[in-house]
Amino acid sequence: MSTAENRAVPEHVAIIMDGNGRWASARGLPRTFGHRKGVEAVRETVRAAAEVGIRYLTLFAFSSENWRRPESEINDLFGLLKTFIRRDLAELHRENVRIRIIGDRSTLRDDIRSLLLEAEETTRDNTGLTVVIAFNYGARDEIARAAARLAGEVAAGRLQAGQIDAQMIDENLDTADIPDPDLIIRTSGEERLSNFLLWQAAYSELMFVPELWPDFSREVFFAALERFSARDRRFGGLSATAVALGS
Ligand code: FPP
């Protein structure tokens, strides 16, 4: 059995769940089957993350660019999120999981908005794994909304432009009280961030795995965590070895 025991477990793992469509196409199935199977991979990944003591797991479920997809696929993705919250919320709550949503909710339908709010409210005081669902999320949009909020403060005379620093921008992002991801995993072999957590990814380790999202299993996840634990994170400083050697 593959486990991540005795390894440095990242506090926050963020995942770009890519490859649902290709998974379905490879089997001659409609794309929607790939998304459905993708939800099963979400369940397995949430369980595995809680098991190894990860504190935050962020999942990119719907990007602000996904509106360019056919309406039927958009409806399907919204439907899957709704079903996931309706069916799994009670169990997630029992498992002490806290749910947070990031992304722009202002343009979402009322039924989706209230469901997202219900998931957050129900699990607000839970102390286990925090699952952050990025929904209608785009990093540039998130940064622009933070900038607009700060500009509003300046215009209202409550803030001087010169006082704005990185921490202030950080505090106005959707992820305000969430630590930056230590590890960002993207499935399906694509190697880009696609407008995901651009600000927060400044020092994240990036990992690209070939498996399509529906094939992402606890074994693949734990193998990625093992690879992460071998990485040397320097945050702009020197490696521990270099410090020890005085080089
Ligand atoms: C990327 O595959 C995946 C998505 C755009 C959506 C991910 C959504 C889910 C797994 C289901 C809902 C999520 C939750 C949290 C319940 P793609 O369609 O871009 O695949 P392709 O690149 O092969 O076409």
Side-chain angles (χ1 to χ4, degrees), residues 13-50 54 56-93 95 97-103 105 108-109 111-113 115-120 122-123 129-139 174 178 181 184-197 208-218 220-221:
V13 178
I15 306 184
I16 302 173
M17 309 182 287
D18 196 10
N20 293 350
R22 274 164 284 166
W23 185 91
S25 299
R27 287 161 181 77
L29 298 167
R31 295 175 57 81
T32 170
F33 281 74
H35 295 316
R36 273 177 212 171
K37 189 86 172 114
V39 178
E40 288 174 31
V42 166
R43 291 197 179 99
E44 184 166 340
T45 304
V46 168
R47 264 185 233 117
I54 287 167
Y56 297 85
L57 175 70
T58 298
L59 300 170
F60 202 1
F62 191 86
S63 84
S64 41
E65 286 72 37
N66 286 154
W67 293 106
R68 294 183 197 139
R69 295 188 179 207
E71 201 180 331
S72 60
E73 183 167 345
I74 294 173
N75 288 338
D76 208 62
L77 286 167
F78 274 63
L80 284 173
L81 181 79
K82 277 171 80 170
T83 315
F84 174 74
I85 292 181
R86 286 212 190 101
R87 276 206 203 139
D88 294 38
L89 183 59
E91 188 189 335
L92 292 168
H93 188 36
E95 298 293 328
V97 169
R98 186 167 60 139
I99 295 181
R100 279 282 307 270
I101 313 291
I102 57 171
R105 291 181 218 199
L108 295 177
R109 286 192 331 236
D111 59 329
I112 301 273
R113 250 210 311 245
L115 204 61
L116 298 179
L117 195 63
E118 183 194 333
E120 285 186 314
T122 308
T123 61
L129 170 71
T130 297
V131 174
V132 183
I133 300 177
F135 199 78
N136 196 22
Y137 176 87
D174 297 346
I178 298 172
I184 298 179
I185 300 172
R186 181 173 188 147
T187 59
S188 89
E190 306 286 348
E191 301 191 353
R192 54 182 175 271
L193 284 178
S194 299
N195 205 13
F196 185 50
L197 301 177
F208 304 101
V209 301
E211 287 81 6
L212 304 174
W213 176 250
D215 292 327
F216 194 80
S217 59
R218 47 185 282 128
V220 177
F221 192 17

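Note that this is a predicted model, so its numbers are computed, not measured. Numbering of ligands and ligand atoms starts at 1, following listing order.
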Is any side-chain N of the basic residue among Arg47 and Glu44 closer than 4.0 Å to the acidic one's carboxylate O? no

Close-range residues for ligand 1, whose non-hydrogen atoms fall below the 4.0 Å threshold: Met17, Asp18, Gly19, Asn20, Gly21, Arg22, Arg31, His35, Gly38, Val39, Ala61, Asn66, Arg69, Leu77, Phe84, Trp213

Parallel, tilted or perpendicular: which fits the ring planes of Tyr137 and Phe60, with parallel below 30° and perpendicular above 60°? perpendicular

Is it true that Glu190 and Arg22 have a side-chain N and a carboxylate O under 4.0 angstrom from each other? yes

Below 4.0 angstrom, N of the basic side chain to O of the carboxylate: do Lys82 and Asp111 qualify? yes

Polar side-chain atom of Arg186 near backbone of Asp18 as donor-acceptor pair, under 3.5 Å: no

How long is the span from the OG1 atom in Thr122 to the CG atom in Leu89, to the nearest 0.5 Å? 5.0 Å

